[in-house]
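First the structure, in the form of C-alpha cells, and then the observations on it.
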Amino acid sequence: MERLSLDTVTRPPDVERPRTELGEFLRSRRDRLTPEAAGLRTYGRRRVPGLRREELAQLAGVSMTYLTRLEQGQSQNASDAVIDALARALRLDADERTHLFALARPRPVRRRRAPKPEAAKPGAARLLRAMDDVPAVLLGRFNDILAWNRAGHLLLAGHLDVDAPGRAADRPNQIRMLFLDEHTRDLYADWRDEAALAVASLRYVAAQFPDDPRLARLVGELSMNSPAFASLWAGHAVRLCTSGTKRFRHPAVGELTLAYEVLHLPEGDGQRILTHTADPGSASFAALRLLTST
C-alpha cells in the first residue's frame, strides 16, 4: 500500500472547481507512474518521469481525444469498462478506484441553496453517551465534530469547551484542529502520518459531495493558513479511513497507543463514529482508564 507522507508531496496547491477534479486526479496518478513500471518502452530524454497523456490512452485502450475530453470534464458518461481500464493502467488501489468512479460519475448539479448546519443524529449521540469508557466522537461529512462523549472529549480536545459540538456556529472541526491548533498537533506522536491520512480521507469523502460549498470554504481556509495542508491536498492522495492505530502524547496521562475504528452510518450522508480502544492489560489501557476516571 502506498505510504501517505507529507515529504513526498511537492506540487503547489490546487483548489479547482469540482468539474476539473477528475483531470487533476488522473494527472496526479500519471505523474507517479513511470513508463517502465507501466511496461512501456521509452526512447530519448523525457521532460517528466511520469506517464504522458497519450501513453495512458494507449495503455487504457481509449483515444487521446476522448481522454482529453474526460480530463477536461466534457464527458460525464464514461462506461464502467473505460473507468476500469484507466484504473488498471494507472495501477490504482481499491480506494483510488472507488474515488475515480465517484469523480467520473458526479451527481447532477442541483440548484445551490444555503446548506443547513449538520446536526448529530439522536441515535448516534445516544450511542456515544452509552460508550462510557470508550473515547468516541461523531464526525460530519467534512470532519465537523457533531458530538463526543466525555472520554472522547478528554482524549482529543480537553482544552476545548465540552459543549462546543452543540454550537453550529463555532463547533470544532477535526481536520482544522489537526493543522491549525497547536494542542492537537502536539497530541499526535506521528503527526505527519496523521495529517497525510486525514487529507486523503477528506479527498475520498469530498468526491461523494462535490457541490457542497462548505468543502470549498474549508479547503480554502486551510490552504491559506497551512502550507502543509495545501501541499498534501495538491497530492490528490485518497484513502477510505476505517481502522488502524494511533499514537498519542497526552498532556495528562502521557503516551498511549490506541486502535481506532471508523463506523460509517448507513444513511450515506457522511456522518461516522470514530472510536478508540486499548489492549486490555497494556500500559495504554491503564492510562486510558486513568484519563476517563478523572
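All values below were derived from every heavy atom in this structure, side-chain atoms included, with hydrogens, water molecules and symmetry-related copies excluded.
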Exercise. Given side chains that start at C-beta, do those of Tyr260 and Thr277 come closer than 4.5 Å, heavy atoms only?
Worked result: no
Exercise. Do you know the tightest heavy-atom contact between Pro172 and Ala164?
Worked result: CD-CB, 3.7 Å
Problem set entry | Trace of the side chain to side chain contact (heavy atoms under 4.5 Å, CB included) decision for Leu160 with His183 | CA-CA 10 Å; Leu160 298 182; His183 295 276; over 6 Å; no
Exercise. Is the backbone N or O of Leu180 less than 3.5 Å from a side-chain atom of Thr184, with the two atoms forming a donor-acceptor pair by type?
Worked result: no
Problem set entry | Test item: Asn143 side-chain N/O and Gln174 main-chain N/O as donor-acceptor pair under 3.5 Å | no
Problem set entry | CD/Glu54: more than 12 non-hydrogen atoms of other groups inside 6.0 Å | yes
Exercise. From Arg247 CZ over to Thr257 OG1, what is the distance, rounded to the nearest 0.5 angstrom?
Worked result: 6.0 Å
Exercise. Do Leu90 and Arg30 have side chains that get closer than 4.5 Å, going by heavy atoms?
Worked result: yes
Exercise. Counting N and O atoms only, with roles assigned by atom type, does the side chain of Ser201 sit under 3.5 Å from a partner on the main chain of Leu197, one being a donor and the other an acceptor?
Worked result: no
Seminar exercise, completed: Smallest heavy-atom separation, Leu288 atom then Pro135 atom, equals CD1-CG, 3.7 Å
For this session: Please say which of Arg32, Arg239, Arg91 ends up in a salt bridge (charged side-chain N to carboxylate O under 4.0 Å, His left out) with Glu96.
Result: Arg32
For this session: Output, in order, the C-alpha distance, side-chain angles, deciding distance and verdict of salt bridge (charged side-chain N to carboxylate O under 4.0 Å, His left out) for Asp144 and Arg214.
Result: CA-CA 11 Å; Asp144 282 341; Arg214 288 172 295 194; 6.0 Å; no
Exercise. Does the Ser293 side chain pair with the main chain of Leu290, one donor and one acceptor, at a distance under 3.5 Å?
Worked result: yes
Problem set entry | Ile145/Met177 under side chain to side chain contact (heavy atoms under 4.5 Å, CB included): CA gap, chis, key distance, verdict | CA-CA 10 Å; Ile145 298 177; Met177 291 165 58; 4.1 Å; yes
Exercise. Are Arg29 and Glu24 within salt-bridge range, i.e. N to O under 4.0 Å?
Worked result: no
For this session: Could you tell me whether Asp279 atom CG has more than 12 heavy atoms of other residues or ligands within 6.0 Å of it?
Result: no
For this session: Might you confirm whether atom CZ of Arg167 has over 12 heavy atoms from other residues, nucleotides or ligands at distances under 6.0 Å?
Result: yes
Exercise. Which atoms form the tightest heavy-atom contact between Cys241 and His264, and what is the distance?
Worked result: O-NE2, 3.6 Å
Problem set entry | Close side-chain approach of Asn173 to Leu218, heavy-atom, < 4.5 Å | yes
Exercise. Out of curiosity, Leu187 CG to Leu155 CG, how far, rounded to the nearest 0.5 Å?
Worked result: 6.5 Å
Exercise. Would you call Lys246 and Leu258 a side-chain contact if the rule is heavy atoms closer than 4.5 Å?
Worked result: no
For this session: State the CG-CG distance between Leu139 and Leu146, to the nearest 0.5 angstrom.
Result: 7.5 Å
Problem set entry | Gap between atom CG of Leu86 and atom CG of Leu59 - 0.5 Å precision | 10.0 Å
Exercise. Salt-bridged, Arg203 to Glu21, with N to O below 4.0 Å?
Worked result: yes
Exercise. Any side-chain heavy atom of Val262 sitting closer than 4.5 Å to one from Ser243?
Worked result: no
Exercise. Does atom CZ of Arg249 have more than 12 heavy-atom neighbours from other groups under 6.0 Å away?
Worked result: yes
Exercise. Any donor and acceptor pair, going by atom type alone, linking the side chain of Asn149 with main-chain N or O of Met131 inside 3.5 Å?
Worked result: yes
Exercise. Is the closest side-chain heavy-atom distance between Phe179 and Asn225 below 4.5 Å?
Worked result: no
For this session: With salt bridge (charged side-chain N to carboxylate O under 4.0 Å, His left out) as the test, would you mind laying out the steps for Arg185 and Glu182 before giving the verdict?
Result: CA-CA 5 Å; Arg185 183 168 184 141; Glu182 290 185 8; over 6 Å; no
Exercise. To the nearest 0.5 Å, how far apart are CD in Glu194 and CG in Asp190?
Worked result: 8.5 Å
Exercise. For Leu265 and Ala124, which heavy atoms make the closest approach, and how far apart are they?
Worked result: CD1-CB, 4.1 Å
Problem set entry | Polar side-chain atom of Glu71 near backbone of Arg53 as donor-acceptor pair, under 3.5 Å | no
For this session: Mind telling me whether Phe248 and His276 have parallel, tilted or perpendicular rings, with 30° and 60° as the class edges?
Result: perpendicular
For this session: Apply side chain to side chain contact (heavy atoms under 4.5 Å, CB included) to the pair Thr242 and Glu261, showing each step before the final yes or no.
Result: CA-CA 6 Å; Thr242 55; Glu261 298 284 341; 5.9 Å; no
Exercise. What are the two closest heavy atoms between Leu100 and Leu92, and how far apart are they?
Worked result: CD2-CD1, 3.8 Å
For this session: State, with a plain yes or no, whether a side-chain heavy atom of Val137 is found less than 4.5 Å away from one of Ile273.
Result: no
Exercise. Counting only heavy atoms not in Met64, do more than 12 sit closer than 6.0 Å to its CE atom?
Worked result: yes
For this session: Kindly indicate whether the side chain of Phe25, heavy atoms from C-beta on, has any atom under 4.5 Å from the side chain of Val238.
Result: yes
Exercise. How close do Leu70 and Leu22 get, heavy atom to heavy atom, and via which atoms?
Worked result: O-CD2, 3.5 Å
For this session: Please step through salt bridge (charged side-chain N to carboxylate O under 4.0 Å, His left out) for the pair Asp212 and Arg141, ending with a clear verdict.
Result: CA-CA 10 Å; Asp212 195 320; Arg141 61 177 58 169; 2.9 Å; yes
Problem set entry | Aromatic ring pairing Trp148/His153, orientation class (parallel under 30°, perpendicular over 60°, tilted between) | tilted
Exercise. Do the side chain of Glu55 and the main chain of Arg52 share a donor and acceptor less than 3.5 angstrom apart?
Worked result: yes
